[in-house]
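Below is one structure, written out as structure tokens; the observations come after it.
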There are 2 protein chains.
Amino acid sequence: MDRPTIDDVARAAGVTKATVSHAYSGKRPISATTKARVFAAAQRLDWVPSSRARALAARRTDAVGVVLSRDPTILASDAFFPAFISGVEAVLAEHEIALVLQVASSRTAEERAYRAMASGRADGVIVLDLHRVDWRVAYLRQIRLPAVLLGAYDAESPFSSVRTDDATPVRDLVARLREQGHTRIAHVSGPLDYVHSHARAGAYVRSVGSKELLREGDFTAGSGRALTAELLDLPDRPTAILYSNDTMAIAGFSYARSRGLVVPDDLAVAGFDDDHLSAHLSPALTSVFTDPFRRGRVAAERLLADLAGEPPESVTVDCNELRLRASTAGAAPEAPHTELEEEFS
Amino acid sequence: MDRPTIDDVARAAGVTKATVSHAYSGKRPISATTKARVFAAAQRLDWVPSSRARALAARRTDAVGVVLSRDPTILASDAFFPAFISGVEAVLAEHEIALVLQVASSRTAEERAYRAMASGRADGVIVLDLHRVDWRVAYLRQIRLPAVLLGAYDAESPFSSVRTDDATPVRDLVARLREQGHTRIAHVSGPLDYVHSHARAGAYVRSVGSKELLREGDFTAGSGRALTAELLDLPDRPTAILYSNDTMAIAGFSYARSRGLVVPDDLAVAGFDDDHLSAHLSPALTSVFTDPFRRGRVAAERLLADLAGEPPESVTVDCNELRLRASTAGAAPEAPHTELEEEFS
DNA sequence: ATGAAAGCGCTAACAA
DNA sequence: TTGTTAGCGCTTTCAT
């Protein structure tokens, strides 16, 4: 009454385990007739090969891992993650490969999680939220766990990576706002040690030529609100704010509104990541669609290629798309401080 | 240069594999001194037990599975799933148990996925999106895979379940709208073969006493829009619409607005699930917060208890909270058709 | 308190 | 084309 094993099937089909195994894997020629007998027997016995035994013998798990260093509570309000995972799954599902998820909120927990992956939970991992100097890159190399990095890692690394160009949409957005007459354009970034935050902030700084109105947030609504307050309290306040994600942008524009400012008339606002509800806000939020679904697909495909033995490769996905909406529409407000600026210049 | 095995550690510590194994599992008394020697050796050799070998020998994987029957692309725009998974992970992370995710978009693929879980990918599963008559319940029993069902399954089942009361907030909401003078209150449900959609729709029908203004959607923005159009085209159109999720509600009120209706003056609108941005829409969307994070926690805890040998149990989580916001504020519009109704009555 | 040895259910190298 | 057999690296029973 226990689950049948490969031996049961072999016996029922009048062959040996090896034949059964090969009938399924196709790793050696099996005559059509025996193959048919094997399959029939397996079907009759309702046999499913044990993934555990297979994993041990083949040193392969048929699973791909993701270790999340984010706090579980933050996961919930993030536009990127679910869509990215969907993209990954879309590829993995075709190959009947599972996705193993583990969250770890401390460095030691994270190391343990990666070691667990390496010890047989997964054949390779996708690394998210890459830092500019990321201990995980060296660590994964050390424990020899195949990996794909999501983001442009500058330092030498033996891993494939999936990159995007975050600079262009930021530059385009700044240019656009300039055309509308904005001269005081601020940026609320994510943590600057993340490669993606840093890339966006860097593009911003190069575009406006100054760090004066750059503020470092942490992607939470709280920081969006606090830093917006700080910027609006400036004697020469910005007339436009670019946020590094939609959550901060929305928190920011709610706050601005609570101070009596009208978006976009008094303050233009733009986000990043294009949450699926952002188009429905009013005013609708200008944002940058980054196609996390597609990036998930590409990352999964890249990892499977690596696991199949292809040499690592850096692929760049051209997916970012600036979506201009009402929150940045219209001309810049008659900046009350422009005269002041001129006085000082 | 290969990964060290338990034998290497045993040799280095001058004991046998059995001792090493027991030093870690604590399944038999080991003297403090040998234990110390073992741990020291393991540390020195940088040994991590192979989860594959352990899984095979112990018939346990230390992983919990979720098979998603949704299309991967839908996953992305759903308020429930990421938060639920976060809750699950919050519990699993404490026990260093992994979460195995697999999406399957056809029944056969789904069966394969569950069999893979049963064959060693996971020790048990959490079943989402329960149908009123759900083949998976019988199937999981047949393949003897421990499971926790999310939702109130009516038929006899050997599984634990995590239930919520979706009826009360619907009833409260209808009552509230009645007080405001609404007499034509419609409902756009999710697919009625889902237990949760059905529970909400059932509560609605019992509250309003009629199915006339009930429309069955599928939780997508498209169906929200289409069914809203249908309802608004009615000769005696509703003055309030309850949707079974926020996505449909938002699509619905965008559409209503495009027809020149003002929310909530001409049409009151309410959603379900309370997407994290719903409070920021304008008007802010009335919705029902269902605490998916907490339900995820409870489901994971329940599954771990089942796996530890406790008898299955149905737990009810009292988590639903009606959040009244501007989209249902104010009195019912002077219903343009009330006179008509009187003419006909 | 510890050792010896038999599996767990497959894969793959080696034979035939 | 198929059979034989030795692992894969653990856990666990049976001895001591």
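Convention: sequence-line order gives letters A, B, ...; per-chain numbering from 1.
- Looking at heavy atoms from C-beta onward, A/Leu307 lies out of side-chain contact with A/Arg60 at the 4.5 angstrom threshold.
- Between B/Val20 and B/Val15 the shortest side-chain heavy-atom distance falls below 4.5 Å.
- Sequence order on DNA chain C of the closest nucleotides to B/Arg59 and B/Lys35 puts B/Lys35 first from the 5' end.
- For B/Asp306, the salt bridge (Lys or Arg N to Asp or Glu O under 4.0 Å) test picks out B/Arg302, with sequence neighbours left out.
- Contact annotation: the side chain of A/Phe84 approaches that of A/Ile126 to within less than 4.5 Å [non-hydrogen atoms, C-beta and beyond].
- Contact check for B/Val298 versus B/Arg295: no side-chain heavy atoms found under the 4.5 Å cut-off.
- Within the structure, side chain to side chain donor-acceptor pair (under 3.5 Å) contacts touching residues 30-39 of chain A (residues at least two apart or in different chains) are A/Ser31-A/Thr33, A/Ser31-A/Thr34.
- For A/Val195, the side chain to side chain contact (heavy atoms under 4.5 Å, CB included) partners two or more places apart in sequence, or in a different chain, are A/Leu130, A/Arg132.
- Qualifying salt bridge (Lys or Arg N to Asp or Glu O under 4.0 Å) partners for B/Arg28, counting only residues two or more places apart in sequence or in other chains: none.
- For the ring-ring contact (aromatic ring centres under 6.0 Å, His included) condition, the pairs that include at least one residue of residues 95-131 of chain B, sequence neighbours left out, are B/His131-B/Tyr194.
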What protein N or O atoms touch nucleotides 3-6 of chain C N or O atoms at under 3.5 angstrom, if any, and at what distances?
residue : atom : partner : partner atom : Å
C/dG3   : OP2  : B/Thr16 : N            : 3.2
C/dG3   : OP2  : B/Thr16 : OG1          : 3.4
C/dG3   : OP2  : B/Thr19 : OG1          : 2.8
C/dG3   : N7   : B/Arg28 : NH2          : 2.9
C/dG3   : O6   : B/Arg28 : NH1          : 2.7
C/dG3   : O6   : B/Arg28 : NH2          : 3.3

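- Within the helix from C/dA1-D/dT16 to C/dA16-D/dT1, the inter-axis angle between the opening and closing five-pair segments is 30°, rounded to 10°.
- With sequence neighbours excluded, the residues forming a side chain to side chain contact (heavy atoms under 4.5 Å, CB included) with A/Thr316 are A/Arg163, listed by chain and number.
- Proximity of residues 50-57 of chain A to DNA chain C (heavy atom under 4.0 angstrom from any strand atom) is restricted to A/Ser50, A/Ala53, A/Arg54, A/Ala57.
- Atom pair A/Ile6:CD1 and C/dA12:P shows a separation of 11 Å (rounding to whole Å applied).
- Counting 5' to 3', DNA chain D first comes under 4.0 angstrom of a heavy atom of chain B and last does so at the ends given by D/dG9 to D/dC14.
- Among residues two or more places apart in sequence or in another chain, the side chain to side chain donor-acceptor pair (under 3.5 Å) test is passed with A/Glu96 by B/Arg112.
- Side-chain contact between B/Trp135 and B/Arg107 is present, with at least one heavy-atom pair separated by less than 4.5 Å.
- Heavy atoms of A/Thr34 sit under 4.0 angstrom from primed sugar atoms or phosphate atoms, though from no base atom.
- Atom P of nucleotide C/dT2 and atom NZ of B/Lys27 are separated by 19 Å, given to the nearest angstrom.
- For A/Asp46, the salt bridge (Lys or Arg N to Asp or Glu O under 4.0 Å) partners two or more places apart in sequence, or in a different chain, are B/Arg115.
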